[in-house]
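Computed over heavy atoms, backbone and side chain alike; hydrogens, waters and symmetry mates excluded.
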Amino acid sequence: MQLGLIGLGKMGGNMRERIRRAGHTVIGYDRNPEVSDVKSLAELVEKLEAPRQVWVMVPAGTATQTVVDELGDLLSPGDTVIDGGNSRWTDDEKHAAALGIKGIGFVDAGVSGGVWGLENGYALMVGGDKENVDRLQPIFDALKPEGPYGYVHAGRVGAGHFSKMVHNGIEYAMMQAYAEGWELLEKVHSVENVREVFRSWQEGTVIRSWLLDLAVNALDEDEHLEKLRGYAEDSGEGRWTVEAAIDNAVPLPAITASLFARFASRQDDSPQMKMIAALRNQFGGHAVEKKD
């Protein structure tokens, strides 16, 4: 099967390789000419046989919108666009409608696997009409992990990215729980080997997971994480998860708290904590720390 793939970064480049290893033809385009197979989107479309399948793997928002708009002018009725980036599900609905007017199909694919996906496979959450999804099944089969799991046709357009958004929200909360547990273990004097405590949890415990394995890897590289600064960005999907929860009146206390913890990490001298310290001093006479 032929596939055009736009965006050959850490994820896209490995996806191209994995699909090729499965025996399919992939023509890739990237703004970096050193990794690109063609010089332009127009050339990519020209090299594909109809009906064409073009997978977009670029950052969400403006970058994706620009590529989808350009593909809408280059592709023909019967072709299909797949957005495999971390787009907001509401953007999927707009893209599907705009392309649909031109007879071009649209599928959204939430992709999880990171830099390990080349060897381990990518978990795929797909949204779109059954006809379009079924046509792409050989590509999904090439990307997914071996075995019965790791792929789902989650529903209509937008379902794939919505599912991936919730996946990432859960990921936020899981990472926060591991981080809080690690900090508490590091704080007490009685626990002398925190790294090995984490390692002992990797087998036989109810909290074992791939994230725990990665935490142990990180501690093997830097046992007390002394080389890192306590600062964490968010990709945007945690925010979208919380917004969706508000829109649907679904309580998400753990995921919401984990998102806010990332915001707090970016404040070296938290204004909120200043107010809390001031109030505790006012009503209880609790000591406050002054700046030099």
Where do Gln65 and Asp91 land on the side-chain hydrogen bond (donor to acceptor under 3.5 Å, both in side chains) test, with the steps shown first? CA-CA 9 Å; Gln65 184 68 61; Asp91 290 343; over 6 Å; no
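- Leu211 and Phe198 end up in the same hydrophobic cluster when Ile, Leu, Val, Met, Phe, Trp and Tyr side chains are linked at under 4.5 Å.
- Checked by atom type and distance alone, the side chain of Gln53 never pairs as donor or acceptor with a backbone atom of Leu136 at under 3.5 Å.
- Judged by distance alone, the side chains of Gln137 and Tyr151 do bring a donor and an acceptor atom under 3.5 Å apart.
- Contact between Trp89 and Met165 at its shortest, heavy atoms only, is CZ3-SD, 3.5 Å.
- With hydrogens and angles disregarded, no donor-acceptor distance shorter than 3.5 Å links the side chain of Ser36 to the backbone of Pro33.
- Side chain of Asp129 to main chain of Asn132: no donor-acceptor pair is present (N/O by atom type, distance under 3.5 Å, no hydrogens or angles).
- Using modelled atom types, no side-chain atom of Thr256 and backbone atom of Pro253 make a donor-acceptor pair closer than 3.5 Å.
- Between the side chains of Asn217 and Glu221, no donor-acceptor pair of N or O atoms lies under 3.5 Å.
- Between Arg156 and Glu93 no salt bridge is recorded (no basic side-chain N to carboxylate O distance below 4.0 Å).
- At most 12 non-hydrogen atoms from other residues, nucleotides or ligands lie less than 6.0 angstrom from CZ of Arg31.
- Looking at Asp79 and Arg135, no side-chain N of the basic residue comes within less than 4.0 Å of a carboxylate O on the acidic one, giving no salt bridge.
- No donor-acceptor distance shorter than 3.5 angstrom exists from the side chain of Asp108 to the backbone of Asp83, with no hydrogens or angles considered.
- For Asn248 (side chain) and Val250 (main-chain N/O), no donor-acceptor pair under 3.5 Å exists by modelled atom type.
- Listed here is the closest heavy atom pair of Gly236 and Tyr172: N-OH, 4.0 Å.
- Salt bridge status for Asp220 with Arg199: present, with a side-chain N to carboxylate O gap under 4.0 Å.
- What you find for Lys164 and Asn86 is that their closest heavy atoms are NZ-OD1, 3.2 Å.
- In this structure, the side chain of Asp30 engages the main chain of Asn32 through a donor-acceptor pair within 3.5 Å.
- The pair Arg16-Asp37 counts as a salt bridge, with a side-chain nitrogen and a carboxylate oxygen less than 4.0 angstrom apart.
- Under a cut-off of 6.0 angstrom, the local environment of CD in Glu203 is sparse, with at most 12 non-hydrogen atoms contributed by other residues, nucleotides or ligands.
- Grouping the Ile, Leu, Val, Met, Phe, Trp and Tyr side chains by contacts below 4.5 angstrom, directly or via other members, places Val45 apart from Val26.
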Before you tell me yes or no, could you show the steps for Trp116 and Trp210 under side-chain contact (heavy atoms from CB on, under 4.5 Å), namely the whole-Å CA-CA distance, both residues' side-chain angles and the distance that decides it to 0.1 Å? CA-CA 11 Å; Trp116 300 84; Trp210 188 44; 3.4 Å; yes
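- Looking at Asp213 and Arg208, no side-chain N of the basic residue comes within less than 4.0 Å of a carboxylate O on the acidic one, giving no salt bridge.
- The neighbour count for Glu223 CD, taken as heavy atoms of other residues, nucleotides or ligands under 6.0 Å away, is above 12.
- Neither side chain, Glu237 nor His167, offers a donor N or O lying under 3.5 Å from an acceptor on the other.
- A salt bridge is absent between Arg239 and Glu243; no separation between the charged side-chain nitrogens and carboxylate oxygens falls under 4.0 Å.
- Although no hydrogens or angles enter the test, the distance criterion places a donor-acceptor pair under 3.5 Å between the side chain of Ser40 and the main chain of Glu43.
- Arg18 places a side-chain N or O within 3.5 Å of a backbone atom of Lys144 that can act as its donor or acceptor partner.
- The backbone N or O of Gly238 sits nowhere less than 3.5 Å from a side-chain atom of Asp234 that would complete a donor-acceptor pair.
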Glu186 and His224: CA distance, side-chain angles, deciding distance, side-chain hydrogen bond (donor to acceptor under 3.5 Å, both in side chains) verdict: CA-CA 8 Å; Glu186 285 277 342; His224 303 288; 3.2 Å; yes
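- Under 3.5 Å, the side chains of Ser209 and Tyr178 contain a donor-acceptor pair of N or O atoms.
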